[in-house]
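Source: prediction; values computed, not measured. Heavy atoms only: backbone and side chains are in, while hydrogens, waters and symmetry mates are out. Chain naming here is simple, since letters A, B, ... match the order of the sequence lines and numbering starts at 1 in each.
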Amino acid sequence: MRWSQYFLYTLREDPADADVISHKLMMRAGMLRKVAAGIYTYLPLGLRSVKKTEGIVREEMNRAGAVELLMPTIQPGELWMESGRWKLYGRELLRIKDRSDRDFVYAPTAEEVITDTVRDSVNSYRQLPINLYQIQTKFRDELRPRFGLMRGREFTMKDSYSFHVSMESLAETYEKMRAAYSRVFTRCALDHVAVEADTGNIGGSASHEFMVLAQSGEDAVVSCPNCKYGANIEKATSKFFSDEPEPAPMTELAPLHTPGTQSIDDVGRFLKKKTSELVKTLVFDSDLGCVMVLVRGDREGNLIKIKNYLGAEWLEMLPDSRFQDETGGPVGYCGPVGTRAKRVLADVSLKPRKNWIVGGNKPDTHLGGANPGRDFAQPEYGDFTTVFAGDPCPRCGTALEIYRGIEVGHVFKLGTKYSESMHCTYLDEAGQRQLMIMGCYGLGIGRTVAAAVEQSHDDAGIIWPIPIAPFEVVITQVGREDNVRTTAEEVYSKLLDAGIDVLLDDRDERPGVKFKDADLIGFPLRIAVGAKSLANGQIEWSWRKDRVKQLGAPAEVIERVVREVTSTRAHSSS
RNA sequence: CGGGGUGUAGCGCAGCCUGGUAGCGCACCUGCUUUGGGAGCAGGGGGUCGGAGGUUCAAAUCCUCUCGCCCCGACCA
């Protein structure tokens, strides 16, 4: 491609509405254009990286035995009513009506349509397992789209759905998909980790998220530097509770006068105790009613874990205004002794402990020496807190580390959630009707591209890894002399012949502009053809990542660059 | 949906408080010079100041409403 004939315009300044690196750089590099909040045009350059990423995903899916199809983005509301998600999905589900007032959705995911498709065509265990995927535009009407491609409303996702006769068969495909995802991200040169995750609204029994480690990531990942343990912070557990002291003899329940101490820090300071020695009382509202949760004073409650334990549809902090009514105690002085709360949960870290210091359910009053089973009913124990950095790994005890990450893929064992609601069945060997067991596997294409930029850039711009670079090589034509032009053209056509993705910068621009643009866009390799070095019969080439210039005769440079590109390709897909 | 901010040329911004001919930088066009890291000079084109209503002799500027966008929070395949 010749730049002079291409549609590629860079920006000198960061766009005002971009605030993460990948968004800024992709806008400045002329890859993206915002059309509305969370809705973007992929400009020609951006589309090239997206298509290359899709190509890698497609290869790995096919290699893993998945079969590609393409489902509609606009889907009948009926199917969503049948699965029950018409009601369950909130306002992120974009609902539209056609001219005759029929309900449709702009699909955020395609479990309904795929299940509908499979139940029509598959009747026998002989046809299973099957794994179908598509790479399709999705729409999720996010409350707050941001970060460019990392959290758009319209986005491109690869989604696969597998159907099985047994959990064993599902587990097999699940592992294949996990392996395929790892290969995809490795080929995109992404430093990633697969972690245990919560299944969220999709439901199901097991789930792993693929996280790309990056400062700008929206998720936190807990990882063990020693063993392979890794989990989303929502799900992660630790063995930290084992450091509790030996049980002490029970003391008397005694009121403590603690005026003006609403927060746990206040109470600790007032009573001269460490916050870890206190018990923090949290109160949540949910579809199952109000719940009191007791945790160690220095710990944070984990909404996801609590919600999952309860089996609740939704769970949120109880507003201050309802505290008195629901618990019988004022905000800041709430506790389990004599509470009105019907259900009291306690984190396992409190189980070995005696003589708790808790809120007294009266203004300015806490209680010391409170003991479960004596002063209040035994709470339900469980893991209800969020892991902190430094907590011991649940498997090997090593201090856990916490990183920020971008979720680029998510695999789920769905089970029979959709096959049940949508009657997706087959006949087994005995002629018995059985529900198909399902898995689903999502991979964000745009996010993967954005994550690559987040992980690979410098002050001058993007540094593309070769497999997803919009062009592998840029030829910067420096100057307008005849020999410069003809040499650049020769190099260009030879690289094209060698099957290299190459862009010839033949624009009538000053050299500085061309070099800055090449660095900003981040072509992995650059060849510069200019009068100075050409006087010695040489041209120059360099890697974007180190920008070290190397000189050589045109034939040598071409040979070398072709070798570098093709070997990187071969290496990354092996 | 709560809190905060912002909307002026393709992009980045000033002007608004204190009403009176709409400006700057980049980009764009013309000419000359320049040409290995975002050139210089000269000339030029482009904006119903997000929209509607109001106050006023006069509104980008003041008031009311509305819409878009951004940030923080809650939420999230």
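The side chain of Pro15(A) approaches G12(B) more closely than any other nucleotide in the set G12(B), G38(B), C75(B). Distances were taken from every side-chain heavy atom of Val478(A) (C-beta onward) to each of G36(B), C13(B), C69(B); the shortest belongs to G36(B). The side chain of Ala16(A) lies closest to C13(B) when the candidates are G37(B), C13(B), A39(B). In the set G38(B), C69(B), C76(B), the nucleotide with an atom closest to the side chain of Ala37(A) is C69(B). Listed nucleotides G12(B), G38(B), G36(B) differ in distance to Glu540(A); the shortest reach to its side chain belongs to G36(B). Nearest to the side-chain atoms of Thr10(A) among the listed nucleotides G38(B), A39(B), G12(B) stands G38(B). Out of A39(B), C13(B), C76(B), the shortest distance to the side chain of Arg510(A) is found at A39(B). Distances from the side chain of Arg480(A) to the nucleotides C70(B), U34(B), C76(B) place U34(B) closest.
C13(B) and C70(B) have their P atoms separated by 14 Å, given to the nearest Å. To the nearest whole angstrom, the two P atoms, one in U61(B) and one in A9(B), are 15 Å apart. Spacing of C1' atoms, C65(B) relative to A22(B), comes out at 26 Å, to the nearest Å. The separation of G40(B) from U34(B), taken at their C1' atoms, amounts to 8 Å, rounded to a whole angstrom. Taking the P atoms as reference points, C41(B) lies 10 Å from G25(B), given to the whole Å. Here the separation of G38(B) from A74(B), taken at their P atoms, is 44 Å to the nearest Å. For the P atom pair drawn from C49(B) and C72(B), the interatomic distance equals 32 Å after rounding to whole Å. For G51(B) and G7(B), the P atoms lie 13 Å apart once the distance is rounded to whole Å.
Cation-pi geometry between Arg544(A) and Phe523(A) is not satisfied (NZ or CZ under 6.0 Å from the ring centre, within 45° of the ring normal).
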N/O to N/O distances under 3.5 Å, protein versus nucleotides 25-27 of chain B:
unit_1	atom_1	unit_2	atom_2	d
G25(B)	N2	Glu13(A)	OE1	3.2
A27(B)	OP1	Arg12(A)	NH2	2.9

Under 3.5 Å, which N/O atoms of the protein pair with N/O atoms of nucleotides 5-8 of chain B?
none

Between protein and nucleotides 28-33 of chain B, what N or O pairs are separated by less than 3.5 Å?
none

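Side-chain atoms of Ser533(A) and base atoms of G36(B) include a donor and an acceptor less than 3.5 Å apart. Within 3.5 Å, a donor on the side chain of Arg28(A) pairs with an acceptor on the base of G38(B), or the reverse. Applying the 3.5 Å distance criterion, the base of G12(B) shares no donor-acceptor pair with the side chain of Asp14(A).
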Just do the side-chain contact (heavy atoms from CB on, under 4.5 Å) check on Glu82(A) and Leu79(A) with the steps written out, would you? CA-CA 5 Å; Glu82(A) 189 179 350; Leu79(A) 284 176; 3.9 Å; yes

Can you check side-chain contact (heavy atoms from CB on, under 4.5 Å) on Arg85(A) and Thr109(A), steps first, answer last? CA-CA 11 Å; Arg85(A) 289 207 292 182; Thr109(A) 167; 3.4 Å; yes

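Applying the 6.0 Å contact sphere to CD of Glu300(A) captures no more than 12 heavy atoms from other residues, nucleotides or ligands. Atom CD of Gln550(A) sits in a crowded spot, with more than 12 heavy atoms from other residues, nucleotides or ligands closer than 6.0 Å.
A donor-acceptor pair shorter than 3.5 Å cannot be found between the side chains of Asn302(A) and Glu234(A). Side chains of Tyr161(A) and Thr115(A): a donor-acceptor N/O pair is absent below 3.5 angstrom, by distance only. Checked by atom type, the side-chain pair Tyr40(A)/His23(A) shows a donor-acceptor distance below 3.5 Å. Asp505(A) and Tyr6(A) form no side-chain donor-acceptor contact under 3.5 Å, judged by distance and modelled atom types alone.
Side-chain N or O atoms of Gln136(A) include one that pairs as donor or acceptor with a backbone N or O of Met71(A) at under 3.5 Å. Side-chain N or O atoms of Tyr418(A) include none that pairs as donor or acceptor with a backbone N or O of Ile114(A) at under 3.5 Å.
The shortest distance between the side-chain N/O atoms of Lys34(A) and the OP1/OP2 oxygens of C70(B) is below 4.0 Å.
Toward the 5′ end of RNA chain B lies the nearest nucleotide of Lys514(A), the other residue of the pair Lys514(A) and Lys158(A) mapping further downstream. Between Ala18(A) and Arg151(A), the residue anchored closer to the 5' end of RNA chain B is Ala18(A), taking for each the nucleotide with the nearest heavy atom.
Across all strands shown, Leu303(A) has heavy atoms under 4.0 Å from sugar-phosphate atoms exclusively, and none from any base. Heavy atoms of Gly442(A) sit nowhere under 4.0 angstrom from any nucleic acid atom.
Pair assignment for U64(B): A52(B), on the basis of Watson-Crick or G-U wobble contacts that are both within less than 3.5 Å. When both distances must be under 3.5 Å, the Watson-Crick or G-U wobble mate of C24(B) is G12(B). Nucleotide U35(B) is matched to nothing when pairs are restricted to Watson-Crick or G-U wobble geometry with both distances under 3.5 angstrom.
In this structure, Asp459(A) places its CG atom 16 Å from P of G38(B), rounding to the nearest Å. Taking atom CD1 of residue Ile521(A) and atom C1' of nucleotide G37(B), one finds them 15 Å apart after rounding to whole Å.
The list of side chain to side chain donor-acceptor pair (under 3.5 Å) pairs with a residue in residues 27-36 of chain A, not counting sequence neighbours, reads Asp17(A)-Lys34(A).
Residues forming a side-chain hydrogen bond (donor to acceptor under 3.5 Å, both in side chains) with Thr10(A) (at least two apart in sequence, or on another chain): Asp517(A). With sequence neighbours excluded, no residue forms a side-chain hydrogen bond (donor to acceptor under 3.5 Å, both in side chains) with Asn131(A).
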